[in-house]
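Worksheet: the structure to be examined is printed underneath.
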2 protein chains.
Amino acid sequence: MKKSLSMKEIAELAGVSVATISRVMNQNGGYSTETEEKVRSAIKKYNYVPNSAAKSLRTNRAPIVGIIVPDILNEYYSRLVFELQMAFFEEGYLTMICNTNESSTLEEKTVQALIAQSVSGLILISGVNYQKRSLATGIPTAYIDRRPQDDERGIVYVESDNVQGGYMATKELIECGCTRIAFITDMLGESSKIGRFKGYCNALNEADIPIDPSLTMRVQNVAIDDAFQVVSEALEKGITFDGIMCTTDMLAIGATMASEAAGYKVPEEMKITGFDDVSATTLFRPSITTVHQNTDAMTKLVAELLIDLIDGKKLKEQDYTIPVTLMKRASTRGE
Amino acid sequence: MKKSLSMKEIAELAGVSVATISRVMNQNGGYSTETEEKVRSAIKKYNYVPNSAAKSLRTNRAPIVGIIVPDILNEYYSRLVFELQMAFFEEGYLTMICNTNESSTLEEKTVQALIAQSVSGLILISGVNYQKRSLATGIPTAYIDRRPQDDERGIVYVESDNVQGGYMATKELIECGCTRIAFITDMLGESSKIGRFKGYCNALNEADIPIDPSLTMRVQNVAIDDAFQVVSEALEKGITFDGIMCTTDMLAIGATMASEAAGYKVPEEMKITGFDDVSATTLFRPSITTVHQNTDAMTKLVAELLIDLIDGKKLKEQDYTIPVTLMKRASTRGE
DNA sequence: TTCATTTGCGTAATCGTTTACATTTTATCA
DNA sequence: TGATAAAATGTAAACGATTACGCAAATGAA
């Protein structure tokens, strides 16, 4: 284990003081071009790498941002994480990506651990307001995709226009001739899902279709099997509907499978929409009509906001909503 | 910004010295149960969180392991990363997951950055031997999935039995009646792909089928479109074959689409196998016969090995191969 | 030339831990 | 009871950076 040289040693080798090395490293000025040259060549020659623990200790901040994600196996979230990482790397930040598996206890532990690492900032996909719980006080924090339930507009938040997305998906079903439209979601606790439900209601109201509570179905996980089961049961029980709006693509795929298994042709006798536009929507037959979230815009924006926060800038706006796009495919319109 | 208390302050509040606090925190012994109780309650009461930068500075090691992954949007890799993260979290390590997008310059930068963070160890999915390049000297390192090309058995490495996997997939095609079997892969530079090719050759040899170089096709990326194109072209050119062994599932899906587009029925007239067993293989119709990698065993093992390395233990064995399983599905056998 | 500024650089305190060593307290035993 | 060993606790020096402060030399104005 060849330990790397410290600033002090480099200083001796370069014939200057540690202060000068530090100044050159951080380009703080207060040195001549001549000295700078001397220092730079010593740094290069001896391959000096500053000790970031010492730096963090002194400056009370590491060039790292923590990212809390509930389920990295979900393609939508892994896309978010991927883009976040790229955005931060370009700005000189490393990211610690932490998957919480939708477990709040694991999430809390992880946030603790990240804080202990004195990360510069936190990106959260979470329904918990840590600032309020005074866990993350003082650490710049921005939320994306999910808004904490107990938010009082104190947080920085970026989301898709879920209401609009829910509205567009439902309207597509109506336009394609559906008159009884079911709604499937996992827990309605997440703000994004609530928005989608609101959009669903808006579209129905606009078309003067009454909202039938028996057509709202809940599911434990956003998994194909869960949707399959709940749709199969509803159909068996004799509940009738000719369209299903699902709050995720996996639910839509499960719903399609169940409909077909029960003898309904999709899209002829049953039309279905998803949400997120993951790759499976075009791999699966019929391809799934879905709402595309502009993750690229979302992640770039939230990264920018967090960095502004870290740099101590005041934000004009704390709350952002990004437009979505409807992708019309076979599950509503056929090939 | 409410700064959290330091050990010194806690010490005063608890009426003991910093050394005692430290001893209790690290359970180093040398304190009475009574004192321990006093310390613990103060820690809890004032919500003390140790500063990890200071700790790292002193101990010269952060409880973090870096993970380099080439493409986190690839479900196989995201599964690997997910499991790695869980395994390390359980052992008290946080992970810094860094996606390199298959770019070697980005990869190098990232490794540099991780080292500067004084991570305790590195998990690499990479074809580059950083120890040899003396970039990562002294940092415990383990490779998974890809073996560095210039390896001289100096590294710790865990992989699937790719040769066996390639053999099983090809043999399945032969058993199902194929006589001219194509092979599609991306760059053959990666050790895993080379192994799969070797398995393919082994199976053909065993069945006395000559290896026809015109049946080996290369593709730029492991993307559906790339496979679609190369298979379509081959078919147009009049190259004949009745089976395709693909080195990833996405290639298999693309190959299937191309075959069907060219008028071949899968599996009746064209049989296809994939590799990795991602979820799309069962979503896609026909479902894809594929080789399942035991990622759970791989990640648990590599995490254990790296931690042993970090703890300074000697490893009995440096090189591990994990068995794979063939998942027989519709693309070779029909429904 | 003289005094005031500015510039360049070094000294040393500091961040919050760990830990070797010193010191005090308690336990053990003849 | 004393002497001695063992256990519990405290003191202070690191770790490697940043930075306030001070001093010397260079520059400029008069």
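Bear in mind that the values here come from a model prediction, so they are computed numbers and not experimental data. A note on names: the letters A, B, ... follow the listed sequences, proteins ahead of strands, and every chain is numbered from 1.
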Between CD on residue Glu317(A) and CG on residue Leu301(A), distance to nearest 0.5 Å =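 The CD atom of Glu317(A) sits 10.0 Å away from the CG atom of Leu301(A).
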One should read off an interatomic distance between Leu114(B) CG and Ile139(B) CD1, to the nearest 0.5 angstrom, of 8.5 Å
Could you tell me whether Arg61(B) and Asp311(B) have a side-chain N and a carboxylate O separated by less than 4.0 Å?
->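 Answer for the salt bridge query: yes.
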Starting at atom [atom1] of [X], determine the distance to atom [atom2] of [N], rounded to an integer number of angstrom.
X	N	atom1	atom2	result
Glu9(A)	dC15(D)	CD	C1'	12 Å
Ile10(A)	dA17(D)	CD1	P	9 Å
Ile21(A)	dG16(D)	CD1	P	15 Å
Tyr31(B)	dT25(C)	OH	C1'	19 Å
Leu57(B)	dT14(C)	CG	C1'	12 Å
Lys55(A)	dT17(C)	NZ	P	21 Å
Leu5(A)	dC15(D)	CG	C1'	15 Å
Asn28(A)	dA20(D)	CG	C1'	13 Å

Using the side-chain heavy atoms of [X], tell me which of these nucleotides is nearest: [options].
X	options	answer
Ala54(B)	dT19(D), dT17(C), dT11(C)	dT17(C)
Asn26(A)	dT18(D), dA8(D), dT19(D)	dT18(D)
Met7(A)	dA17(D), dC9(C), dC15(C)	dA17(D)

Compare side-chain N and O positions of [X] against OP1 and OP2 of [N] and report whether any pair is under 4.0 Å apart.
X	N	answer
Tyr48(A)	dG16(D)	no
Ser17(B)	dT9(D)	no
Thr59(B)	dT17(C)	no

Categorize [X] for me: base, sugar-phosphate, or nothing, with a 4.0 angstrom heavy-atom threshold over every strand shown.
X	result
Thr20(A)	sugar-phosphate
Ser56(B)	nothing
Thr35(B)	sugar-phosphate

Heavy atoms only: give me the nearest Tyr48(B)-Ser6(B) pair and the separation to one decimal.
->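 In terms of heavy atoms, the two residues are closest at CE1-C, 3.9 Å.
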The single option from Glu159(A), Glu107(A), Glu190(A) that satisfies salt bridge (charged side-chain N to carboxylate O under 4.0 Å, His left out) with Arg146(A) is Glu190(A)
Which residue lies toward the 5' end of DNA chain D, Ala19(A) or Glu34(B), if each is placed at its nearest nucleotide?
->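 Taking each residue's closest nucleotide, the earlier one in sequence belongs to Glu34(B).
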Under 3.5 Å, is there an N or O donor on one side and an acceptor on the other linking the side chain of Arg23(B) and the base of dG10(D)?
->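 Such a pair is found, so the answer is yes.
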Polar pair under 3.5 Å, donor/acceptor by atom type, side chain Arg58(A), base dT18(D) = yes
Would Tyr77(A) and Asn99(A) count as a side-chain hydrogen bond (donor to acceptor under 3.5 Å, both in side chains) if you check the C-alpha gap in whole Å, the side-chain angles of each, and the deciding distance to 0.1 Å?
-> CA-CA 10 Å; Tyr77(A) 288 126; Asn99(A) 190 76; over 6 Å; no
Pick the nucleotide of DNA chain C nearest each of Val18(A) and Thr33(A); which residue has the one closer to the 5' end?
->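 With Val18(A) and Thr33(A) compared, the 5'-side residue is Thr33(A).
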